[in-house]
Amino acid sequence: MEETRRTAAPAARLRVMGRRAARRRRAACWRGLWISQVSAAVAWETEKREGKLTRPTGRRCSDEENDEEFPEPEVKMETGFGNVLVVDNLPVVPEEKFEKLRNVLTKIFTQLGTLDEEGIFLPKDSKGQTKGFAFVEYEDTKQAKQACEQTNGYVLDKNHVFRVTMFDEFAKFLKVPDEYRKPDKKDFKQVENLQEWILDQRGREQFAARYADETDILWNDPQKSEPEVVHKRPFWTESYVQWSPKGRYLATVHRQGVALWGGKSWMRLHRFSHPMVRFIDFSPDERYLVTYSTTDQRSGKNSEVLLNIFEVRSGKKLRTFQGQLKDYLMPGSDALTWPVLKWSGGDKGYFAKIGKNAIGVYEAPEMTLIGKKSIKLDNVLDFCWSPTDSIISFYQPESDSGNIPARVALLSIPSKTEVKSKNLFGVSDVKMIWQPSGEYLAIQVERFTKSKKNIYTSFELLRLNEKNVPMEVLSPPDQKEKIHAFVWEPKGPRFAVVHGNGPRPSVTFYTMRDKNGKVKLLHTVTNKQCNSIFWSPQGSFVLLAGLKAMNGQLEFFNVDDMETMATAEHFMCNYVNWDPTGRFVATSVTSENQMENGYQVWSFNGKLLTRQVKDRFYQFLWRPHPPSLLSEDDLLRVKKDLKKYIKKYEAEDEAFKLAMDENVMSERKALLEKWNAWLDKKIKVREEEKSLRAELRGYASDEEEEGEETEIEIEEIIDVREEIMYGQ
């Protein structure tokens with residue numbers, strides 16, 4: 001062991017001294033690079049990669065004579081100067097202010113990684129003034145890339161905004177020709193109408209079903225017992241499929257990346273390269289696509305993460321985020337929460353991601369931080385956007401000492417002004433639940449009792465459309481009851497709460513609009529075998545579902561009249577999906593369960609329309625609708641004249657049924673005619689072969705002979721037994 005230590009110590013000293021020598025040589029090279037300009041440096045690096053550059057003989061660049069005594073360790077550089085940044089648009093300062101500028105840059109860039117020795121180099125001119133740019137060298141390429149992303153656009157002052165570029169990208173800039181060349185004109189290609197499906201004359205809904213190796217696009221036709229196939233393709237995806245938010249595209253996920261499909265012929269419209277992509281997400285306006293992958297999931301939190309943002313129409317990659325998985329987890333969580341980048345409601349094009357003590361809000365298409373910096377929020381744990389406005393709600397937990405309370409607040413973007421805040425004490429957990437129309441926000445607060453042994457739940461309800469955003473507290477009648485679910489009505493002021501400790505909980509409906517503008521309890525239904533509530537997208541109706549452990553118990557409930565319309569069961573059901581119009585609802589059993597795989601489609605009032613059994617069933621996805629072009633006044637007019645429209649569409653449905661009956665009768669008539677034609681043909685052949693049969697048999701075998709029919713009865717003794725009978 002002692003001999004091993006003596007051998008290892010000189011080797012370690014050699015490595016350390018070798019690294020120091022390499023750093024000194026790199027520093028000397030930086031000074032020499034700008035004697036022969038950046039272009040010469042890039043050309044030199046290119047020749048070195050291609051093996052055209054040979055090492056010159058003679059002395060090496062060194063500041064010490066004894067550097068020659070030690071062997072130089074092999075330096076492996078993946079991308080040449082990949083760990084070096086070029087920072088442009090810096091102040092031009094005289095020599096007496098040189099150190100001050102250098103210290104400012106050092107303070108900025110050391111916050112984002114470890115700089116190499118003499119990691120910041122500021123070139124000077126003949127007068128000793130800086131040239132307005134600098135080189136920043138990090139220990140590795142990863143830190144350099146992260147620093148480039150975070151400091152590009154950094155505002156030093158009102159006249160100096162950083163323009164940061166990776167040094168290796170200069171080779172790309174040098175390839176730009178001096179003379180402008182007009183790009184070749186591309187032939188116009190007619191693109192199919194991507195919303196053609198919504199013009200269906202009978203107003204049917206489309207959905208995607210994925211099972212085994214098949215992916216089907218189908219019409220849901222309530223007049224038929226079977227869905228109508230629109231498009232069918234095996235091996236269409238290697239992972240899963242996903243509709244875009246407005247239904248224009250169907251995305252398929254592959255090992256090489258993502259493909260988008262659409263139009264009447266289901267042609268491939270776009271391809272986005274991202275090897276081993278795992279998750280995807282669209283912006284609400286379908287303009288941008290986010291893709292996500294990890295390099296090695298076995299590495300846990302240390303695995304590398306890659307996030308790409310593409311522009312859908314051009315296919316151009318606009319932004320990349322890279323780093324370790326732990327940097328993209330929600331604070332306090334060990335598992336990834338998707339999506340990592342959350343898009344704002346409305347059409348402003350904002351998206352945000354949470355970090356350590358901060359939320360970064362970005363603006364598309366520039367893909368840069370608003371205000372060039374993140375929003376600092378100590379210990380922030382979670383955030384979410386309003387579905388319709390550029391407002392962020394976020395949650396900060398209590399301090400460990402309990403001196404600083406938990407806090408929930410609303411921020412308006414891009415001004416970053418606080419709209420509303422609320423301090424909370426004795427908090428165990430907080431969930432923020434936005435109403436889909438963005439009018440209300442529910443804050444579900446789980447608090448400790450005074451003994452700290454139990455937890456009870458209350459709700460803080462905010463009204464976003466009213467002055468000063470008033471807040472109201474709602475506490476369940478029995479604080480000992482467990483809250484299973486809280487769900488807003490998508491279009492309306494009502495919400496439902498599932499609560500109870502037993503296997504058959506209760507469901508209570510509330511409204512945010514009573515006569516005094518307060519929260520009001522509407523009705524409670526008890527002893528319901530459900531653990532989930534699914535509102536119709538148009539409101540008024542809910543499906544009370546007992547999923548998974550409750551074996552798929554279903555109750556179709558009318559909230560307007562507070563009555564049950566129908567009850568049913570879909571055994572082992574684990575997913576429920578309403579169609580965008582609220583007319584149909586699908587229940588499905590996926591491959592998570594080994595039995596009963598398939599889906600069923602129901603009407604809103606609980607009538608079973610179709611049942612499909614599919615082995616290895618994976619997905620059922622209704623095709624989303626684009627926003628309605630009708631104004632609020634138009635919608636009110638339609639509702640007012642609803643009886644007139646009902647008569648019209650009932651007449652159309654009746655005509656369609658008659659047409660279907662006529663089609664059935666014509667099909668049966670055609671089959672009968674086909675049978676009679678075949679029978680006549682066979683009779684004719686038989687007549688033609690009659691003489692041949694008589695010749696072969698020697699008699700006219702086709703003619704029936706006269707005879708008498710006699711019925712004979714035969715008795716047969718099966719068994720005989722003798723028994724002695726004794727008299728009484």
Side-chain angles (χ1 to χ4, degrees), residues 193 195-207 218-230 246-247 264 436-437 489-494 509 511 513 522-523 534-544 554-568 576-587 600-611 622-668:
N193 182 6
Q195 294 182 327
E196 178 271 340
W197 61 278
I198 210 169
L199 301 176
D200 181 61
Q201 293 296 319
R202 295 179 47 222
R204 295 175 296 177
E205 297 299 317
Q206 276 190 7
F207 63 90
L218 306 109
W219 286 115
N220 174 53
D221 196 334
Q223 304 292 344
K224 299 179 180 179
S225 59
E226 295 289 325
E228 181 181 329
V229 177
V230 177
K246 296 182 180 180
K264 189 174 182 179
S437 298
E489 184 179 21
K491 293 183 179 180
R494 295 176 292 194
F509 297 93
T511 180
R513 298 177 189 166
L522 295 175
H523 188 67
F534 299 91
W535 281 92
S536 163
Q538 304 302 322
S540 298
F541 306 105
V542 296
L543 176 59
L544 308 179
L554 307 174
E555 182 172 342
F556 298 83
F557 194 82
N558 184 340
V559 182
D560 293 340
D561 299 330
M562 293 298 171
E563 64 178 9
T564 298
M565 297 181 290
T567 58
V576 175
N577 303 90
W578 280 93
D579 85 301
T581 66
R583 295 178 297 164
F584 311 105
V585 61
T587 57
Q600 298 180 11
V601 179
W602 312 74
S603 66
F604 74 94
N605 57 356
K607 179 183 177 182
L608 181 61
L609 301 177
T610 184
R611 178 188 288 112
W622 291 104
R623 191 169 188 176
H625 278 204
S628 175
L629 299 177
L630 298 177
S631 65
E632 290 296 329
D633 292 338
D634 294 332
L635 292 174
L636 290 174
R637 195 178 302 112
V638 169
K639 290 180 180 179
K640 184 178 179 181
D641 299 334
L642 193 58
K643 291 183 179 179
K644 180 179 68 175
Y645 291 110
I646 288 175
K647 292 180 180 179
K648 174 185 174 183
Y649 292 118
E650 283 181 348
E652 291 184 2
D653 289 344
E654 190 64 29
F656 178 76
K657 288 180 181 178
L658 291 174
M660 286 183 60
D661 292 340
E662 291 177 0
N663 291 335
V664 171
M665 293 302 296
S666 60
E667 288 176 3
R668 291 178 179 176

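These numbers come from the heavy atoms of this one structure, side chains and all, not from hydrogens, waters or symmetry mates.
Counting heavy atoms from C-beta on, the side chains of Asn220 and Trp622 come closer than 4.5 Å. Between Leu543 and Val576, the closest side-chain pair of non-hydrogen atoms falls below 4.5 Å. Side-chain contact between Val585 and Phe541 is absent, with no heavy-atom pair separated by less than 4.5 Å. Looking only at side-chain heavy atoms (C-beta outward), Leu218 and Val230 stay at 4.5 Å or farther from each other. Side-chain contact between Asp579 and His625: absent, with no pair of heavy atoms (C-beta onward) separated by less than 4.5 Å. Side-chain contact between Arg623 and Glu205 is absent, with no heavy-atom pair separated by less than 4.5 Å. Residues Gln206 and Trp219 are in side-chain contact: their nearest non-hydrogen atoms beyond the backbone lie under 4.5 Å apart.
Side chain of Ser437 to main chain of Pro490: a donor-acceptor pair is present (N/O by atom type, distance under 3.5 Å, no hydrogens or angles). Of the possible polar contacts, one joining the Thr610 side chain to the Ser225 backbone as a donor-acceptor pair under 3.5 Å is found.
Around the CD atom of Glu563, the shell of radius 6.0 Å holds more than 12 heavy atoms that belong to other residues, nucleotides or ligands. Residue Arg611 qualifies as open at atom CZ: its count of foreign heavy atoms under 6.0 Å is 12 or below.
Between Ser603 and Asn605, the side chains place a donor N or O and an acceptor N or O closer than 3.5 Å (distance only, hydrogens not considered).
Summarising the geometry of Pro580 relative to Pro537, their closest heavy-atom pair is O-CB, 3.6 Å, with the distance given to 0.1 Å. Taking each heavy atom of Phe207 and Pro227 in turn, the nearest pair found is CZ-CB, 4.0 Å. Nearest heavy-atom pair, Ala566 versus Gly606, reported as atom, atom and distance to 0.1 Å: CB-CA, 4.0 Å. The two residues Ala568 and Phe556 come nearest to each other via the heavy atoms CB-CE1, 4.5 Å. Of all the heavy atoms in Gly247 and Trp197, the pair that sits closest is O-NE1, 3.7 Å.
Atom CG of residue Asn193 and atom CD1 of residue Ile198 lie 10.0 Å apart, to the nearest 0.5 angstrom. Atom NZ of Lys607 sits about 10.5 Å away from atom CZ of Phe584, to the nearest 0.5 Å. In this structure, CG in Leu544 is found 7.5 Å from OG1 in Thr564, a value given to the nearest 0.5 Å. Here CD of Glu228 is found 4.5 Å from CZ of Arg204. Values are rounded to the nearest 0.5 Å. Considering CD of Glu489 and OG1 of Thr511, their distance stands at 8.5 Å, rounded to 0.5 Å. We find the CZ-CG distance between Phe604 and Asn558 to be 8.5 Å, quoted to the nearest 0.5 Å.
Taking the six-membered ring for Trp and the full ring otherwise, the centers of Phe557 and Phe509 sit less than 6.0 Å from each other.
For the side chain to side chain contact (heavy atoms under 4.5 Å, CB included) test, residues two or more places apart in sequence or in another chain that qualify with Asp641 are Arg637, Lys644, Tyr645.
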